[in-house]
Each structure stands twice: as structure tokens, then as C-alpha cells.
Trainee: 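After the C-alpha cells below, expect a handful of questions from me.
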Amino acid sequence: MTPDHPDPDRALYTISVAAQLAGVSPRTLRSYENLGLLAPTRTSGGTRLYSDNDIVRSRRVTALVDQGVNLAGVRRILDLQDENTRLREADTP
DNA sequence: TTTCTTACA
DNA sequence: TGTAAGTA
């Protein structure tokens with residue numbers, strides 16, 4: 001059940017919408033990016049555009065921080081989760 | 001009006 | 001993290 005292109009045009013959100021979807025403030029999303037935890041794309045004008053993956057990533061960061069994990073810990077866990085995802089994709093293409 | 005950066009508390 | 005200033 002993993003359709004290849006059910007919707008070729010993935011949704012992108014401006015920071016205000018992304019913040020609502022992620023349950024945080026725009027200030028927090030910018031902060032995550034400054035910390036190197038998030039990498040939303042930018043328009044030619046410089047406006048951040050958040051993908052659904054950016055939203056879920058934000059939620060993971062928020063969840064970890066809520067649990068008391070520090071910056072180093074969040075980076076580490078995110079890297080491990082990403083690597084785990086890559087490995088799964090390599091095993092089940 | 002919204003977003004951007006920088007900066008202060 | 002919230003808010004303000006000054007822009008684009």
C-alpha cells in the first residue's frame with residue numbers, strides 16, 4: 001500500500017500554515033531551522049515552504065524536546081530515525 | 001498583510 | 001519563546 005505517485009504535486013505550506021499543522025509557533029519553526037533540525041525549501045524571494053515531511057519532522061522534534069531530550073540528543077535520534085528509514089526503503093523497495 | 005532577519009528580555 | 005523594528 002505505497003502508491004508511487006498518488007499525488008505528484010506534494011503540498012507545500014507557508015510558515016503560518018505549517019506552524020498550525022505542526023502545533024507550534026512560526027518562531028519555533030524558524031528556530032528549528034536555525035538549529036539545523038529542519039530544512040524547508042525557499043522561494044526565490046526567500047519565503048520558507050514546508051512539506052508534509054517537514055511537518056512530521058517538526059512534530060518529532062517537539063515530542064523529543066517535551067520528553068526532555070537536549071539538542072545533541074534530538075539530532076542523534078533524528079539521524080538514527082532517518083537512517084532506519086533509509087535502510088527500510090533499501091530492503092523493501 | 002505576511003514573511004524575513006536581527007535582537008532583547 | 002514572544003515580541004519589536006525595519007524590510008521586501
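So that the names make sense, note that chain A is the first sequence line, chain B the second, and so on, each numbered from 1. These numbers come from the heavy atoms of this one structure, side chains and all, not from hydrogens, waters or symmetry mates.
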Trainee: Specify the separation, in whole Å, of atom CD of A/Glu33 and atom P of B/dT3.
Mentor: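 Checked: the CD to P distance equals 14 Å.
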Trainee: Does B/dT2 have a Watson-Crick or wobble mate here (both distances under 3.5 Å), and if so which one?
Mentor: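 Pairing partner, where one exists within any strand: C/dA8.
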Trainee: Check whether any side-chain N or O of A/Ser25 sits under 4.0 Å from OP1 or OP2 of C/dG2, and answer yes or no.
Mentor: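 Affirmative; the distance criterion is met.
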Trainee: Do the side-chain N or O atoms of A/Thr14 get closer than 4.0 angstrom to the phosphate oxygens (OP1, OP2) of B/dT2?
Mentor: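 The answer is no; no side-chain N or O of A/Thr14 sits under 4.0 Å from OP1 or OP2.
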Trainee: Does atom CZ (A/Arg42) have a neighbourhood of more than 12 heavy atoms from anything else shown, all under 6.0 Å?
Mentor: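 Atom CZ in A/Arg42 is packed in, count exceeds 12.
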Trainee: Rounded to whole angstrom units, what separation is found between the CG atom of A/Asn34 and the P atom of B/dC4?
Mentor: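 One finds 11 Å between P of B/dC4 and CG of A/Asn34, rounded.
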Trainee: In whole angstrom, what separates A/Asp66's CG from C/dT1's C1'?
Mentor: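 Checked: the CG to C1' distance equals 13 Å.
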Trainee: In whole angstroms, how far is the P atom of B/dT2 from the CZ atom of A/Arg42?
Mentor: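 It works out to 19 Å between those atoms.
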Trainee: What do the steps show when you test A/Leu71 against A/Leu37 for side chain to side chain contact (heavy atoms under 4.5 Å, CB included), and what is the final call?
Mentor: CA-CA 9 Å; A/Leu71 179 58; A/Leu37 269 31; 4.0 Å; yes
Trainee: Once you round it to whole Å, what is the distance between P of C/dT3 and CZ of A/Arg30?
Mentor: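 These atoms are roughly 13 Å apart.
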Trainee: Which atoms form the tightest heavy-atom contact between A/Tyr50 and A/Arg30, and what is the distance?
Mentor: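 Nearest pair, atom of A/Tyr50 first, then A/Arg30: OH-N, 4.4 Å.
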Trainee: For A/Gln81, does the CD atom sit with more than 12 other heavy atoms under 6.0 Å from it, leaving out its own atoms?
Mentor: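 Yes, because the 6.0 Å sphere around CD of A/Gln81 holds more than 12 heavy atoms from other groups.
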Trainee: Rounding to a whole Å, what distance do you find between A/Tyr50:OH and B/dT3:P?
Mentor: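 Spelled out: OH on A/Tyr50 to P on B/dT3 is 10 Å.
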Trainee: Figure out the CG/C1' separation between A/Leu12 and B/dT3, and round it to whole Å.
Mentor: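 So the two atoms are 16 Å apart, to the nearest Å.
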Trainee: Quick one: on DNA chain B, does A/Arg27 or A/Ser16 contact a more 5' nucleotide (nearest heavy atom)?
Mentor: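 First, find each residue's nearest nucleotide; the 5'-ward one identifies A/Ser16.
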